[in-house]
Amino acid sequence: MKMPHHALDITLTRPLTPVELHQATRTMPLAANHDTTHLLALVPAKTPGKALNRLRHRTGGLLPIDVITTHYPDAHGKFLLNLAFPPATHADLQAAADSAGQPPRLFLELALYRALARHADEEADRLDRAVQNLLAHTTAPHLLAAVGRALAHTPGATPC
């Protein structure tokens, strides 16, 4: 049976030098963005999680990796993250998870969901306030027409 390949995004803490990029591509095929702060890799593994771990292990200390993520969502619409914490941070995370009665992975997942939900709520509130401020100075039809014109001239926007 053929091993599936998983597309993984690597976000780096800094741009790579040409020598670092050359050394890394000798370890495995990698595609770099224009400023070498993001890389893309195809990694053979049975599961996306194993691919993330395999990539982290293969690159060892060659790359200044911030985070590795799956490039595509899984069947549940989720992206997997692979983070390497310093020992002190890992100990703090373990202690917080223990006090919450949860495994560290679940503790982090729930904390991330809460943070993303809070961000989405704050963004919705900010947009609501901005719209109310605009409506204080114009009519709803004029505002809607202006939004339509702005969206029509936004690069990458799809026409209605």
Side-chain angles (χ1 to χ4, degrees), residues 1-127 130 147 150-160:
M1 182 172 127
K2 262 190 156 179
M3 182 81 65
H5 285 69
H6 302 276
L8 304 179
D9 282 317
I10 306 166
T11 302
L12 303 170
T13 59
R14 61 171 174 76
L16 294 179
T17 66
V19 171
E20 289 172 320
L21 181 59
H22 178 72
Q23 287 175 333
T25 56
R26 291 182 60 164
T27 305
M28 69 175 47
L30 297 167
N33 71 335
H34 70 285
D35 64 359
T36 66
T37 57
H38 287 84
L39 304 173
L40 186 65
L42 284 175
V43 179
K46 289 183 180 179
T47 66
K50 288 182 180 183
L52 290 166
N53 291 332
R54 181 170 289 160
L55 177 62
R56 172 102 37 203
H57 178 73
R58 269 197 205 166
T59 56
L62 290 176
L63 300 172
I65 295 174
D66 187 22
V67 64
I68 304 171
T69 64
T70 51
H71 186 69
Y72 299 106
D74 65 11
H76 305 289
K78 294 182 179 180
F79 291 88
L80 297 181
L81 302 174
N82 181 286
L83 305 164
F85 295 114
T89 304
H90 190 270
D92 291 344
L93 172 62
Q94 183 69 52
D98 288 346
S99 71
Q102 299 169 332
R105 182 178 179 153
L106 177 61
F107 180 80
L108 264 180
E109 184 177 342
L110 295 175
L112 183 58
Y113 283 145
R114 285 190 302 271
L116 290 172
R118 187 171 45 252
H119 174 73
D121 288 346
E122 289 169 357
E123 180 68 2
D125 290 345
R126 184 189 68 78
L127 289 172
V147 168
L151 291 175
H153 294 98
T154 301
T158 56
C160 297

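- Applying the side-chain contact (heavy atoms from CB on, under 4.5 Å) rule to Phe79 yields the partners Thr70, Pro73; only residues at least two apart in sequence or on another chain are considered.
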Enumerate donor-acceptor pairs with a distance under 3.5 Å from any side-chain N or O in residues 87-105 to protein atoms, sequence neighbours excluded.
| from | atom 1 | to | atom 2 | distance (Å) |
| --- | --- | --- | --- | --- |
| Gln94 | NE2 | Asp98 | OD1 | 2.9 |
| Ser99 | OG | Ala96 | O | 2.9 |

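- A search for side-chain contact (heavy atoms from CB on, under 4.5 Å) contacts involving Arg118 returns Ala115, Glu122, not counting sequence neighbours.
- The side-chain contact (heavy atoms from CB on, under 4.5 Å) search around Asp74 returns His76, Lys78, not counting sequence neighbours.
- With sequence neighbours left out, Glu123 forms a salt bridge (Lys or Arg N to Asp or Glu O under 4.0 Å) with Arg126.
- Residues meeting the salt bridge (Lys or Arg N to Asp or Glu O under 4.0 Å) test with Arg14, sequence neighbours left out: Glu20.
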> Can you check side chain to side chain contact (heavy atoms under 4.5 Å, CB included) on Leu12 and Asp66, steps first, answer last?
Replying inline: CA-CA 5 Å; Leu12 303 170; Asp66 187 22; over 6 Å; no
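- Here the side chain of Asn33 pairs a donor or acceptor atom with the backbone of His38 at under 3.5 angstrom.
- Looking only at side-chain heavy atoms (C-beta outward), His71 and Leu40 come within less than 4.5 Å of each other.
- Among residues at least two apart or in separate chains, there is no side-chain hydrogen bond (donor to acceptor under 3.5 Å, both in side chains) pair with a member in residues 21-32.
- Among pairs with a residue in residues 40-53, those fulfilling side-chain hydrogen bond (donor to acceptor under 3.5 Å, both in side chains) read Asn53-Asn82, at least two apart in sequence or across chains.
- The salt bridge (Lys or Arg N to Asp or Glu O under 4.0 Å) search around Arg114 returns none, not counting sequence neighbours.
- Taking 4.5 Å as the limit, every side-chain heavy atom of Tyr72 sits out of range of all side-chain heavy atoms of Asp9.
- Checked against side-chain contact (heavy atoms from CB on, under 4.5 Å), Val67 has the following partners two or more places apart in sequence or in another chain: Thr11, Thr69, Leu81, Leu83.
- One finds the OH atom of Tyr113 at 10.0 Å from the CG atom of Leu106 (value rounded to the nearest 0.5 Å).
- Scanning for side-chain hydrogen bond (donor to acceptor under 3.5 Å, both in side chains) contacts around Thr13 gives an empty result, with sequence neighbours left out.
- Minimum heavy-atom separation, Thr37 to Pro15: CG2-CG, 3.7 Å.
- For Asp121, there are no side-chain hydrogen bond (donor to acceptor under 3.5 Å, both in side chains) partners two or more places apart in sequence or in a different chain.
- Closest of all the heavy-atom pairs between Leu55 and Ala41 is CD1-CB, 4.3 Å.
- With Leu16 as the partner, the side-chain contact (heavy atoms from CB on, under 4.5 Å) test is satisfied by one option alone out of Asp35, Thr36, Leu30: Thr36.
- Across every non-hydrogen atom of Pro48 and Leu80, the tightest pair is CB-CD1, 3.6 Å.
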